[in-house]
There are 2 protein chains.
Amino acid sequence: MATIDEFIENAGLYYERLGLSRTAGRIIGCLLADTDQAADAPGLRERLGVAKSSLSVALRQLEQSGLVERYRPTRGRRDHYRLADDVFGRAFRAKMTEFDAFTELAEQGLSVVGQDPVARARLELMRDMYAFMAREFPKLLDEWEQQRSPDAARAVDTTADGSGKPA
Amino acid sequence: MATIDEFIENAGLYYERLGLSRTAGRIIGCLLADTDQAADAPGLRERLGVAKSSLSVALRQLEQSGLVERYRPTRGRRDHYRLADDVFGRAFRAKMTEFDAFTELAEQGLSVVGQDPVARARLELMRDMYAFMAREFPKLLDEWEQQRSPDAARAVDTTADGSGKPA
DNA sequence: CTAGTTGTTCGGATCGTTCCGAACAACTAG
DNA sequence: CTAGTTGTTCGGAACGATCCGAACAACTAG
């Protein structure tokens, strides 16, 4: 049995391994677990015990990577934050860019290595494998979306038009 | 047009983003590009310009993660190093453990979050999605292995029995 | 215009990681 | 046994990343 604080701390650790900062990961944990739909800066600040400035940079980081959305309730004074509807899909796609990066790395290697057949074969294998993954992984995501709900794709599209959901 | 040193440096950067240390990544780049099949410590040391101790820990790290194999030629005095036959497959599988980790994180979240339906639905979605990926991704790897060469699996098995390849 | 609130930016301090050089242990050749 | 070589371990230094508190900018209400 674990507490909510332990869960948030774990989220910080896990997302840190994914390349985010520790506090950014803890924010995600907070938004994941907290039932409060209207998370704002003071609330996060109290829950996480971090400085206002750290929240600012972490939230900007999360917003720019598309994982967290910022919105302001009508006639509200302060920003509120919520997870993007397809947080996990976005996280997957972000990770997926590594495939392209390594494909390019392999191509760069082929351009600088000599004619040694062993090295060339290995680099070609590397290039083809990462290209294969970059090509097939999105299909896996689509497959998941369809399995989850036949009209999941449509739902994602409608939420992507910029109209905020919450009241 | 790039040089071999730039390629090695890029490999260091890319593999560092994957969680390895910088020098470990540069070692991989070296083993990828260098036509010299018999890479040893002095050679790597000269090529990378790092201390002997740094090589030791990085090579141990790479060896324990299964990416690099250490062998000693018959009647040789020093160890030699080569990439594992299925370096990339191993890298993929290592990355894949993140899926399980996040599945467990979602389950932990479900155990600590209340009955709020929104939070629960989101955590269940997270759990199911990562579980789906953890289940489907290995199939993708198998698919690749079969597409590349029908008896690739057999080849991998024979090289895994401990018999060193190089003379 | 003034006062109060919200979000951002900046300099300094702190923390963790990595690296290097030196001492150490293990092994081989002669 | 001795000398030389190879690989490992350890302490200190350097680097990068992150975080905090304070000053700053932007905005709103009255």
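Proteins come first, then strands; the chains are lettered A, B, ... in the order of their sequence lines, and each starts at number 1.
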Any chance you could list the contact pattern along nucleotides 21-29 of chain C? Use B for base contacts, S for sugar-phosphate-only contacts and - for none, protein heavy atoms under 4.0 Å, 5' to 3'.
-> BB------S
Tell me the closest heavy-atom pair linking [X] and [Y], and the distance in Å.
{"X": "B:Leu31", "Y": "B:Ala39", "answer": "CD2-CB, 3.5 Å"}
{"X": "A:Gly66", "Y": "A:Ala84", "answer": "O-CB, 3.4 Å"}
{"X": "B:Gln108", "Y": "A:Ala2", "answer": "NE2-CB, 3.6 Å"}
{"X": "A:Ala119", "Y": "A:Val113", "answer": "CB-CG2, 3.8 Å"}

In whole Å, what is the span from the [atom1] atom of [X] to the [atom2] atom of [N]?
{"X": "B:Gln61", "N": "C:dT18", "atom1": "CD", "atom2": "P", "result": "7 Å"}
{"X": "B:Leu55", "N": "D:dT6", "atom1": "CG", "atom2": "P", "result": "14 Å"}
{"X": "A:Leu59", "N": "C:dT6", "atom1": "CG", "atom2": "P", "result": "15 Å"}
{"X": "B:Leu62", "N": "C:dT18", "atom1": "CG", "atom2": "P", "result": "13 Å"}
{"X": "B:Leu44", "N": "C:dC19", "atom1": "CG", "atom2": "P", "result": "14 Å"}
{"X": "B:Arg22", "N": "D:dA14", "atom1": "CZ", "atom2": "C1'", "result": "14 Å"}

Closer to the 5' end of DNA chain D via nearest nucleotide, is it B:Ala41 or A:Val50?
-> B:Ala41
Reckon A:Gly49 touches a base, only the sugar-phosphate, or nothing at all at heavy-atom distances under 4.0 Å?
-> sugar-phosphate
For the pair B:Arg148 and B:Glu145, find out whether any cationic side-chain nitrogen is under 4.0 Å from an anionic carboxylate oxygen.
->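 Between B:Glu145 and B:Arg148 there is a salt bridge, with a charged N closer than 4.0 Å to a carboxylate O.
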For DNA chain C, what string of dots and brackets results from 5' to 3' when Watson-Crick and G-U pairs need both distances under 3.5 Å, crossing pairs get [ ], and pairs with another strand get |?
-> ||||||||||||||||||||||||||||||
Could you tabulate the donor-acceptor pairs under 3.5 Å formed by side-chain atoms of residues 40-62 of chain A, not counting sequence neighbours?
{"from": "A:Asp40", "atom 1": "OD1", "to": "A:Gly43", "atom 2": "N", "distance (Å)": "3.1"}
{"from": "A:Asp40", "atom 1": "OD2", "to": "A:Arg78", "atom 2": "NH1", "distance (Å)": "3.3"}
{"from": "A:Arg45", "atom 1": "NH1", "to": "A:Val50", "atom 2": "O", "distance (Å)": "2.7"}

Report the nucleotide, chosen from C:dT8, D:dC20, C:dC19, that has the shortest atom-to-atom distance to any side-chain atom of A:Arg60.
->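 The closest nucleotide is C:dT8.
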Considering only D:dT6, D:dT9, C:dT6, which nucleotide approaches the side chain of A:Arg78 most closely?
-> C:dT6
Does A:Arg93 have any side chain to side chain contact (heavy atoms under 4.5 Å, CB included) partners at least two apart in sequence or in another chain, and if so, which?
->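 Scan of A:Arg93 (side chain to side chain contact (heavy atoms under 4.5 Å, CB included), adjacent residues dropped) gives A:Leu141.
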Any side-chain N or O of A:Thr23 under 4.0 Å from OP1/OP2 of D:dC19?
-> yes
For D:dT8, does either OP1 or OP2 sit under 4.0 Å from a side-chain N or O belonging to B:Arg70?
->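 It does, given that an N or O in the side chain of B:Arg70 lies less than 4.0 Å from OP1 or OP2 of D:dT8.
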Parallel, tilted or perpendicular, as decided by the 30° and 60° cut-offs, for the rings of [Y] and [X]:
{"X": "A:His80", "Y": "A:Tyr71", "answer": "tilted"}
{"X": "A:Trp144", "Y": "B:Phe132", "answer": "tilted"}
{"X": "B:Phe137", "Y": "B:Phe99", "answer": "perpendicular"}

For the pair A:Arg82 (side chain) and A:Val68 (backbone), establish whether a donor and an acceptor sit closer than 3.5 Å, ignoring hydrogens and angles.
-> no
Please work out which residues in residues 10-20 of chain A have a non-hydrogen atom less than 4.0 Å from an atom of DNA chain D and list them by number.
-> none
Among residues two or more places apart or on two chains, list those pairs meeting salt bridge (Lys or Arg N to Asp or Glu O under 4.0 Å) that have a residue in residues 98-108 of chain A.
-> A:Lys95-A:Glu98
